[in-house]
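Read through the structure below, which is laid out as structure tokens, and then see the notes.
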Protein chains: 2
Amino acid sequence: MQVHADHDRLFSALADATRRDIVRRALDGAEGVVELAEHYPMSFAAVQKHVAILERAGLVTKHRIGRRKVVRTNVEGLRAAQRLLDQYELLWRARVDRMNAILAESTEATP
Amino acid sequence: MQVHADHDRLFSALADATRRDIVRRALDGAEGVVELAEHYPMSFAAVQKHVAILERAGLVTKHRIGRRKVVRTNVEGLRAAQRLLDQYELLWRARVDRMNAILAESTEATP
DNA sequence: CGCACATACAACCGTATGGTTGTACTTGAT
DNA sequence: ATCAAGTACAACCATACGGTTGTATGTGCG
């Protein structure tokens with residue numbers, strides 16, 4: 001149940017172009033919230049909220065540097081999303097394999 | 001701009017536990033909307049809406065079989081999400097490589 | 001044909017979301 | 001000690017979202 005909520009937060013955090021761009025920019029881990037905000041046509045507070053959402057989703061972390069707080073992407077968060085998608089792919093492949101096995105059986109039974 | 005909207009739809013479709021479960025179930029591509037709906041504690045119409053959202057996101061397709069419409073997961077849709085996440089990973093690795101190169105340079109300059 | 005089943009869609013409701021402005025708390029520089 | 005930069009947070013507003021019920025549409029069967 002809790003796992004689902006984590007995944008909800010993860011994907012809904014990624015479901016916004018501004019937030020995805022913040023994730024991309026924060027891969028360098030060099031900008032504070034003010035600097036980030038300057039890239040987007042919205043208020044500083046709005047960007048701050050986006051960062052907070054990404055933080056709660058485990059996609060970025062904040063680190064104090066001087067009087068700024070630098071935003072840095074947490075690659076492990078991205079990997080969590082990748083793993084979930086990989087699981088679907090694995091289930092799908094397993095099903096394809098099962099079907100192939102069945103098909104192989106039936107064709108070898110009818111020469 | 002349009003690409004962003006596609007990605008928005010893709011990830012926000014995945015940002016709901018019920019919808020993720022529908023994606024999982026529809027990997028088998030065997031159930032119609034009514035059968036799907038029976039698995040969840042909500043009305044048929046609600047499930048129908050979820051399926052519509054997944055369909056618009058390109059994550060499932062519907063196929064008429066008899067008087068039912070079978071819901072089937074579109075694995076290519078899942079892959080689109082994977083590719084996007086992979087791109088972030090690639091950017092991140094590129095940055096790590098750049099940093100390693102810089103570090104190697106500076107250490108070989110100070111024997 | 002006529003009925004029942006599977007699906008589709010519209011109207012509505014409460015709550016979450018993305019945005020705004022305004023105020024308050026730290027921290028570094030002067 | 002003071003002031004400004006950087007950040008945090010609360011209150012508010014419009015719209016989107018997840019859910020409901022109710023009504024239509026289309027398809028198979030007797």
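Chain letters run A, B, ... following the sequence lines, proteins first and then strands; every chain starts at 1.
No path of Ile, Leu, Val, Met, Phe, Trp and Tyr side chains, each step under 4.5 Å between heavy atoms, connects B:I22 with B:I53, placing them in separate hydrophobic clusters. Two different hydrophobic clusters hold A:V70 and A:F44 under the rule that ILVMFWY side chains link at heavy-atom gaps under 4.5 Å. A:L10 and B:Y88 fall within a single hydrophobic cluster, where Ile, Leu, Val, Met, Phe, Trp and Tyr side chains are chained together by heavy-atom contacts under 4.5 Å. One hydrophobic cluster holds both A:M42 and A:V60 under the rule that ILVMFWY side chains link at heavy-atom gaps under 4.5 Å.
Counting heavy atoms from C-beta on, the side chains of B:V71 and B:E31 never come closer than 4.5 Å.
Among all heavy-atom pairs drawn from B:D16 and B:T18, the shortest one is OD1-N, 2.8 Å. Between B:A13 and B:L59, the shortest heavy-atom contact is CB-CD1, 3.9 Å. Residues A:A17 and B:D8 come closest through the heavy atom pair N-OD1, 3.4 Å.
For the pair A:K69 and D:dA8, the criterion of a side-chain N or O lying under 4.0 Å from OP1 or OP2 is met. Side-chain nitrogen and oxygen atoms of A:H50 include at least one within less than 4.0 Å of the OP1 or OP2 phosphate oxygen of C:dG19.
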Check nucleotides 11-16 of chain C against the protein and report each pair of N or O atoms closer than 3.5 Å, with its distance, or say if there are none.
none

Under 3.5 Å, side-chain donor or acceptor atoms of residues 23-30 of chain B against the rest of the protein: list the pairs with distances, not counting sequence neighbours.
unit_1: B:R24; atom_1: NE; unit_2: B:D21; atom_2: OD1; d: 3.2
unit_1: B:R24; atom_1: NH2; unit_2: B:D21; atom_2: OD1; d: 2.9
unit_1: B:R25; atom_1: NE; unit_2: B:H39; atom_2: NE2; d: 3.3
unit_1: B:R25; atom_1: NH1; unit_2: B:D21; atom_2: OD2; d: 2.8
unit_1: B:R25; atom_1: NH2; unit_2: B:H39; atom_2: ND1; d: 3.3

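Going from atom CD of B:Q48 over to atom P of D:dG22 covers 16 Å, rounded to whole Å. The nearest whole Å value for the distance from the CZ atom in A:R67 to the C1' atom in C:dT27 is 7 Å. Across the protein-nucleic acid pair, B:F44 atom CZ and C:dA4 atom P stand 18 Å apart, rounded to whole Å.
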Start with the C-alpha distance between B:Q82 and A:Q82, add both sets of side-chain angles, then the distance that settles side chain to side chain contact (heavy atoms under 4.5 Å, CB included), and finish with yes or no. CA-CA 6 Å; B:Q82 287 178 311; A:Q82 287 178 312; over 6 Å; no

Just do the side chain to side chain contact (heavy atoms under 4.5 Å, CB included) check on B:K62 and B:E55 with the steps written out, would you? CA-CA 8 Å; B:K62 285 189 277 195; B:E55 198 177 13; 3.0 Å; yes

Decide side chain to side chain contact (heavy atoms under 4.5 Å, CB included) for A:T73 and A:T61; before the verdict, give the C-alpha distance in whole Å, the side-chain angles of both, and the deciding distance to 0.1 Å. CA-CA 6 Å; A:T73 295; A:T61 54; over 6 Å; no

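Under a 3.5 Å cut-off, the side chain of A:R19 and the backbone N or O of A:S12 do form a donor-acceptor pair. In this structure a side-chain-to-backbone donor-acceptor pair under 3.5 Å is present from A:R20 to B:H4. The backbone N or O of B:L84 sits nowhere less than 3.5 Å from a side-chain atom of B:Q87 that would complete a donor-acceptor pair.
Taking every heavy atom of residues 15-28 of chain B and every atom of DNA chain D, pairs under 4.0 Å involve B:R19, by number. Taking a 4.0 Å limit (strictly below) on heavy-atom distances, residues 32-43 of chain A reaches DNA chain D at A:G32, A:V33, A:V34. Annotation: proximity of residues 52-66 of chain B to DNA chain D (heavy atom, distance under 4.0 Å) is found for B:I53, B:R64, B:G66, numbered in ascending order.
Comparing C:dG19, C:dT21, C:dC9 by their closest approach to the side chain of A:A45 singles out C:dT21.
The neighbour count for A:R56 CZ, taken as heavy atoms of other residues, nucleotides or ligands under 6.0 Å away, does not exceed 12.
With axes fitted over five pairs at each extremity, the angle between the ends of the helix from C:dC1-D:dG30 to C:dT30-D:dA1 is 20° (10° resolution).
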